[in-house]
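Residue numbers count from 1 along this sequence. Both ligands and their constituent atoms are indexed starting at 1 by order of listing.
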Amino acid sequence: MNNRQPFSSDIPAEDLLKIIFEYASKLAHENDLDTLHILMAEMGKKLTMADRCTLWIADPHERKLWTKVAHGIDRIEIPLSSGLVGSSYQSGETIIIHDAYTDSRFNPDIDKKSGYLTKSILCIPIRNADKEIIGVYQAVNKQSYPSIFSEKDITYLSLAATYTGQSIEKAILYSELVESQKEVIYTMGSIGESRSAETGNHVKRVAKYSYIIARGAGLSEEEASLIELASPMHDIGKVSIPDAILNKPGKLTNEEFAVMKQHTLTGYSIFKNSKRKILQAAAVIAKTHHEKWNGKGYPEGLSGEEIPLYGRIVAIADVFDALATERPYKKAWPLEEILNLINQEKGKHFDPQLVDVFFDQLPKILEIRSLYAEKPERMSG
Ligand code: C2E
Ligand code: SIN
Ligand code: SIN
Ligand code: SIN
Ligand code: FE
Ligand code: FE
């Protein structure tokens, strides 16, 4: 037996601190979801003196809870409603059981496959910063006498669960980023190279301006980063606009402008079926970045807060940058005239509160503008 404290069922306070400090620093530097997953399971196991601890993560689209075990290659999956873990996930309740086999909710399938004998169980739901349940911590077989989980174990594992929820969500966002990049590359590849005369720095600037406005409007770091990552794709629908319209050196006719307006819906349809948060945000932004606060925009003529916030944010960033840049159909505007226009369009084209945010954040925006200024198109001589 490896019971170090045979007559105490809870971990000593100094060990508790050691474990928390040890894992807090490891977790803080880890972005890889699988590694985080394993570290957190280890931490839960030590905190509760359990023989095993499993961190189950929900995949609501697939209606599954999955986990990853050390050295294991594959994920283990169970249905969202299966067993005590599923019960805790769906009810949001902490569950303590002394003998799993006496509880009708227990699902013995995993024991049957592995030959393991589950006795005591503790299940605690894990919530993200928005208090949504994103998974369940499950500790199995308390390794001390009495061999049942206690109120202290609940406290310790709940603490770990709070921390875990935040780290896991960050890691999921990061792994989504990696997946999204692959998807974007694939998508771009399938629809051909963009022919728009807009340069790479245009999309970078729009992304940074959007981030600054989003933060200034009080959005979280995570959400502002999401907008930053998604906004570069706002004009991706322009790839299907005929060259004669896209790069026309003069003003568009009404018919030509009607075709041009389609870039919003084309962009939306490229991303709308993706499950990825970033690409869902890209779909919304592509569709709504030309809506106007007064309802006179397109494609749907939405007004005010009917327009998704992401679209309202990117609208300001996009126009600010479009006006500042030379296009086949227009010269670059001087800064003062651009700022006048944005001010005039407050409550007309643009969300008035976001125009205030834009002016509050102007020093940062101008910093980005000079940092990502266009380089001369070609070398002279
Ligand atoms: P874009 O060039 O990226 O411009 C984005 C938005 O910035 C425009 O959306 C508009 O709200 C604003 N904007 C750009 N230039 C001007 C300007 O000279 N004056 C004013 N008041 N606002 C400006 P919009 O109007 O919905 O246009 C969407 C896209 O359609 C533009 O994207 C551009 O690709 C194209 N487009 C619009 N008008 C013309 C045109 O007269 N000629 C050509 N060749 N393309 C045009
Ligand atoms: C399982 O992990 O699916 C078996 C234990 C339980 O019923 O929660
Ligand atoms: C244009 O780009 O010429 C149209 C600007 C506008 O009226 O929104
Ligand atoms: C909000 O609408 O959520 C506040 C930001 C704004 O639109 O000004
Ligand atoms: Fe656009
Ligand atoms: Fe644009």
ask   = For ligand 1, does R327 get within less than 4.0 Å through its side chain, its backbone, both, or neither, judged by non-hydrogen atoms?
value =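 It is the side chain that gets close, since no backbone atom is under 4.0 Å.
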ask   = Between K248 and ligand 1, which part of the residue brings a heavy atom under 4.0 Å of the ligand: side chain, backbone, both or neither?
value =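 Answer for K248: both.
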Are [X] and [Y] close enough for a salt bridge, meaning some N to O gap below 4.0 Å?
X: K208; Y: E367; result: no
X: K346; Y: D356; result: yes
X: K26; Y: E22; result: yes

Sub-4.0 Å atoms of ligand 1 with respect to non-hydrogen atoms of [X]:
X: K251; answer: 41 (O)
X: D318; answer: 5 (C)
X: Y298; answer: 24 (P), 26 (O), 27 (O), 28 (C)
X: L323; answer: 13 (N), 15 (N), 16 (C), 17 (C), 19 (N), 20 (C), 22 (N), 23 (C)

request  = Determine, step by step, whether E221 and S225 satisfy the side chain to side chain donor-acceptor pair (under 3.5 Å) criterion, reporting the C-alpha distance in whole Å, the side-chain angles of both residues, the deciding distance to 0.1 Å, and the verdict.
outcome  = CA-CA 6 Å; E221 167 65 29; S225 299; 3.2 Å; yes
Does [X] reach ligand 1, in the sense of a heavy atom lying below 4.0 Å from it?
X: K238; value: yes
X: I245; value: yes
X: H349; value: yes
X: G250; value: yes

Any idea which of [options] brings a heavy atom closest to [atom]?
atom: atom 6 (C) of ligand 1; options: H234, Q344, H290; answer: H290
atom: atom 43 (C) of ligand 1; options: Y329, F320, W333; answer: Y329
atom: atom 29 (C) of ligand 1; options: K330, K292, M260; answer: M260
atom: atom 7 (O) of ligand 1; options: P328, A315, A322; answer: A322

task = Have a look around the Fe ion (ligand 5) and list protein N/O/S atoms under 2.8 Å, or say none.
result =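 D235 OD1, H263 NE2, H289 NE2, H290 NE2, with waters left out.
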query = Under 6.0 Å between the ring centres of F350 and F358?
reply =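 Between F350 and F358, the centre distance exceeds or equals 6.0 Å.
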query = Given the rule in the side chain to side chain donor-acceptor pair (under 3.5 Å) test, do H289 and T264 qualify, once you have shown the distances and angles that lead to the verdict?
reply = CA-CA 8 Å; H289 72 281; T264 51; over 6 Å; no
ask   = So is there a nitrogen or oxygen of L252 less than 3.5 Å from a nitrogen or oxygen in ligand 1?
value =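 N/O-N/O distance under 3.5 Å: yes.
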key: Candidate pair Y89 and V85, rule side chain to side chain contact (heavy atoms under 4.5 Å, CB included), full reasoning   = CA-CA 6 Å; Y89 174 76; V85 172; 5.6 Å; no
request  = Enter the distance from I338:CD1 to N343:CG here, rounded to the nearest 0.5 Å.
outcome  =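 Rounded to the nearest 0.5 Å, the CD1-CG separation comes out at 13.5 Å.
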request  = Please round to the nearest 0.5 Å and tell me the distance separating atom OH of Y23 and atom CD of E42.
outcome  =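 CD of E42 is found 3.5 Å from OH of Y23.
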ask   = Ignoring hydrogens and geometry, is there a side-chain-to-backbone donor-acceptor pair from D103 to A100 under 3.5 Å?
value =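 Side chain of D103 to backbone of A100, a donor-acceptor pair under 3.5 Å: no, none is there.
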ask   = Just wondering, are more than 12 heavy atoms of other shown residues or ligands nearer than 6.0 Å to NZ in K248?
value =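 More than 12 heavy atoms, drawn from other residues, nucleotides or ligands, come within 6.0 Å of this atom.
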request  = Report the relative orientation of the aromatic rings in Y298 and F257; use parallel for angles under 30°, tilted for 30 to 60°, perpendicular for over 60°.
outcome  =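 Perpendicular: the ring planes of Y298 and F257 meet at over 60°.
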request  = Using the side chain to side chain donor-acceptor pair (under 3.5 Å) rule, take Q361 and Y209 through it: C-alpha gap first, then chi angles, then the decisive distance, then the call.
outcome  = CA-CA 9 Å; Q361 302 295 323; Y209 299 152; over 6 Å; no
